[in-house]
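Scroll down for the structure; my scribbles are underneath it.
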Amino acid sequence: LFAAGSKSAEVKSSEQSTVGREEPATIPLADIAAKAGEASTLISNLITSAGRVGQVEIISNSLPALDQKLDERVHETKEVLQTEPTLEMLQTVQQRWQRDQAQTSGWLKILTEHANALQDGLTQLGALQETWSNSRKSAQASKAPEPILQQIDSTLTAISQAQEKLQAERTEILDLQSRVAADLTKCTIALGQIAHAQQSAVSGIFPPEAPPIWRIDLWPDAIRALPTHVRGVTYGRWSDLLKYVREPREGSGLHAGLFLVLAFLFTGARRKILGWLKSGSPVSPAVLVFMRPFSAALATTLIFATSPMVEMAAPVRQVLHIAALIPMLRVIQPVVSPSIAALSSAVCVVFAIDMVRQAYPGVQLIGQAVLVVETLAAMLVLFWMRQHYRRIIAERAESSRAVVLRTARSIVLFVLVISFFAGVAGYLRLARLLTPGILIGGVLALAAFSYLQVFSGAVAVLFQLWPLRLLRIVEHHREVLQQRIYRVLIWGAVLGWLTRYLAYLGLLDPAWSLVQTVFETRLERGTISISVSNVVEFLLTVWFAYLLSRFIRFVLQEDFYPRMQLAPGISYATSSLLNYIILALGFIVALGTVGVEFSKVTLLAGAFGVGIGFGLQSVVNNFVSGLILLFERPVHVGDAVQIGNLQGRVRRIGIRASVIHTGAGADIIVPNAQLISEQVTNWTLSDQLRRVDLPVGV
């Protein structure tokens with residue numbers, strides 16, 4: 001970047017010097033006054049434009065904090081790499097360094113552009129100074145009046161002062177450039193070390209990393225080194241925890257504030273729920289999650305705090321992982337069976353042991369033994385809780401999920417057996433991938449389920465509060481709405497679980513790259529070229545337009561039309577028109593996502609329209625007739641009509657045909673063109689009064 005900036009400045013300077021040689025080297029005496037004014041304006045503009053822009057000022061003020069943060073992060077990264085980092089931990093640290101690298105690269109680009117602008121200004125001032133110096137020599141030789149010489153001297157003084165200001169500013173900018181470049185070097189080095197650690201963790205899974213656990217001769221040294229190692233690691237972890245607690249900028253302030261806000265809201269929700277229960281009002285089972293408001297608030301806060309998007313020291317994250325287990329268990333306990341609660345508790349206990357093992361790496365044989373013991377404990381939990389597991393399967397015996405549960409238990413047990421023997425034999429990387437992978441998958445599922453319960457409970461409470469409870473769609477369709485929202489939340493929970501689990505395994509970036517590769521695959525046929533992503537975007541856009549149209553019509557039908565005094569049939573006509581408009585706009589937008597240029601398909605669309613006009617005359621005729629019925633409204637939905645010998649009530653006006661329900665209970669499909677072109681008797685167009693003739697025999 002420095003070389004590019006210097007080369008750019010040299011090119012611009014050579015161009016400007018070339019332009020300067022085309023002009024006269026001296027200024028005529030008659031033009032001195034006018035040129036002095038122009039020079040003053042140019043100097044003022046150069047000083048103004050060369051002054052520090054807002055971005056440079058922000059960089060100058062933020063750089064000390066960035067230097068300190070990167071130094072701390074270098075120390076933290078070194079500690080992480082010296083331990084037994086999981087792929088998720090490596091990826092989290094890598095993402096932080098990548099964000100810092102992007103920030104420093106952007107800063108360096110801004111500073112380089114500003115330094116080039118200052119160099120351009122100095123070049124212009126140098127050329128201007130040369131011209132005015134030559135002009136002064138020429139004026140002295142011509143014995144110009146003293147006022148002219150004074151004006152030339154004042155202009156030269158202004159040029160010198162401007163050069164000093166620009167040179168000082170350029171020196172400061174170059175100093176900032178060197179400091180930012182040093183920070184960028186730190187980011188590059190750290191990312192290289194992390195990439196090497198990731199490659200070693202993935203490529204070195206199968207070679208043995210440690211001696212077998214039955215090597216008796218190695219145990220005395222490991223036991224002697226354990227107390228010193230534990231004290232040293234504990235001191236480092238304790239200092240990180242104290243820093244997190246004492247310095248709010250480390251995240252503790254945000255997390256404490258979030259917990260207090262959620263605890264206040266959830267406590268208020270519990271008071272509302274108790275009031276509804278006392279009054280006998282119907283309450284959704286989903287709101288029972290707020291009967292333990294502090295547990296729900298703490299679980300929500302800690303799950304958010306331990307997410308990969310939140311920057312945090314690894315020891316603090318491990319402690320918060322363990323702290324989140326108890327509130328999560330308390331959140332799900334009221335809504336699950338005792339068997340599921342017992343199995344979840346056992347998984348959390350083994351997971352806590354694994355977190356402690358990861359927090360105290362270093363003494364290899366001790367860590368290897370702890371990993372083997374926790375793997376054995378997980379296997380024993382599966383055997384000890386087989387009665388609970390059978391009850392869980394029996395509860396779902398009538399559904400296909402029972403087969404999935406049996407298969408999952410067998411796969412988990414098989415993986416744990418492989419991990420146990422790998423840990424005993426010294427294949428630690430394979431064992432550290434399998435056992436913690438099983439545990440973190442279960443705990444992430446528990447966290448996703450906790451979030452699901454909290455959000456679904458919040459939706460249920462909101463539906464019973466003002467102003468949502470006043471809506472007719474909530475009053476009449478509360479259960480349906482909750483089920484639809486719960487289904488969306490389930491998909492969100494599954495997607496969140498899958499994302500975090502792939503991140504833990506180190507497969508998130510490869511999986512995302514694979515998805516991008518599939519989406520960028522182009523399907524070519526002749527001159528037509530379309531990618532998979534275009535097809536997916538087209539389908540999603542059309543589907544979203546359909547859902548939006550359906551939702552708007554549902555809201556209008558339930559909440560808007562009943563509150564308005566509308567003539568019969570207007571509501572149906574309005575909803576139908578909105579449906580056609582939204583679907584048409586959605587289809588046009590979908591074509592735009594595919595990359596269709598409408599200016600190039602006008603002729604084709606015209607020919608296509610002519611073909612439709614000839615080939616589908618009756619269909620187009622009925623469609624246009626349906627639009628006329630909706631706009632002109634000679635027939636409304638619900639009207640009693642007579643067409644020839646057909647009598648009945650209009651039940652629906654569709655795109656092609658309308659449905660008439662006869663008194664005998666039959667539904668007659670009548671083309672819309674027949675309602676427009678033929679004589680139709682509408683008995684209820686202006687009012688609901690009609691005469692009925694009853695023949696009486698005497």
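The analysis underlying the following values was restricted to heavy atoms, covering all of them including side chains, and did not include hydrogens, waters or symmetry mates.
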Close side-chain approach of [X] to [Y], heavy-atom, < 4.5 Å:
X	Y	answer
Val459	Tyr486	no
Ile530	Val535	yes
Leu288	Val283	no
Phe463	Ile485	yes
Asp183	Gln103	no
Met379	Val417	yes
Ile490	Arg487	no
Trp97	Val74	yes

For [X], does the [atom1] atom have more than 12 heavy-atom neighbours from other residues, nucleotides or ligands under 6.0 Å away?
X	atom1	value
Gln98	CD	yes
Lys272	NZ	no
Ile326	CD1	no
Arg246	CZ	no
Arg550	CZ	no

Between [atom1] on residue [X] and [atom2] on residue [Y], distance to nearest 0.5 Å:
X	Y	atom1	atom2	result
Thr435	Leu439	OG1	CG	6.5 Å
Glu374	Met355	CD	CE	9.0 Å
Ile418	Thr375	CD1	OG1	12.0 Å
Leu548	Thr541	CG	OG1	12.0 Å
Ile440	Asp354	CD1	CG	8.5 Å
Thr521	Phe519	OG1	CZ	10.0 Å

Next item on the list: For Val532 and Glu520, run side chain to side chain contact (heavy atoms under 4.5 Å, CB included): C-alpha distance rounded to whole Å, both residues' side-chain angles, the deciding distance at 0.1 Å, then the answer.
Entry: CA-CA 6 Å; Val532 176; Glu520 291 173 0; over 6 Å; no
Closer than 3.5 angstrom, by distance alone: can the side chain of [X] be matched with the main-chain N or O of [Y] as a donor-acceptor pair?
X	Y	answer
Arg270	Phe290	no
Ser62	Ile59	no
Ser419	Val415	no
Arg330	Ala296	no
Ser284	Val287	no
Gln368	Gly423	yes

Where is the tightest heavy-atom contact between [X] and [Y], given as atom of each residue plus distance?
X	Y	result
Ser307	Arg317	O-NH1, 3.1 Å
Leu416	Ala378	CD1-CB, 3.7 Å
Ser450	Ile332	OG-CG2, 3.6 Å
Tyr451	Thr300	OH-O, 3.1 Å
Thr306	Arg500	O-NH2, 3.1 Å
Val180	Thr104	CG1-O, 3.5 Å

Next item on the list: Could you check whether the rings of Trp497 and Tyr501 sit parallel, tilted or perpendicular, using 30° and 60° as the cut-offs?
Entry: parallel
Do any side-chain atoms of residues 252-265 form donor-acceptor pairs under 3.5 angstrom with protein atoms, and if so which ones, sequence neighbours left out?
residue : atom : partner : partner atom : Å
Ser252  : OG   : Tyr244  : O            : 2.6
Ser252  : OG   : Glu247  : O            : 3.4
His255  : ND1  : Tyr244  : OH           : 2.8
His255  : ND1  : Gly251  : O            : 3.0

Note to self: The test is side chain to side chain contact (heavy atoms under 4.5 Å, CB included); show your working for Val347 and Leu446 and say whether it passes.
What the structure shows: CA-CA 10 Å; Val347 171; Leu446 179 64; over 6 Å; no
Checklist line | Residues which pass side chain to side chain contact (heavy atoms under 4.5 Å, CB included) with Val319, listed by chain and number, not counting sequence neighbours | finding: Leu241
Next item on the list: Using side chain to side chain contact (heavy atoms under 4.5 Å, CB included) as the criterion, list what pairs up with Glu72, not counting sequence neighbours.
Entry: Gln68, Lys243, Arg249
Note to self: As a quick check of understanding, evaluate side chain to side chain contact (heavy atoms under 4.5 Å, CB included) for Val335 and Val289, giving each step before the final call.
What the structure shows: CA-CA 8 Å; Val335 295; Val289 69; 5.7 Å; no
Note to self: Checking Arg292 against Val331 for the side chain to side chain contact (heavy atoms under 4.5 Å, CB included) test, could you report, in this order, the C-alpha distance in whole Å, the side-chain angles of both residues, the deciding distance, and whether it holds?
What the structure shows: CA-CA 7 Å; Arg292 297 175 176 178; Val331 166; over 6 Å; no
Item checked: Lys186/Asp100 ion pair, N-O < 4.0 Å -> no
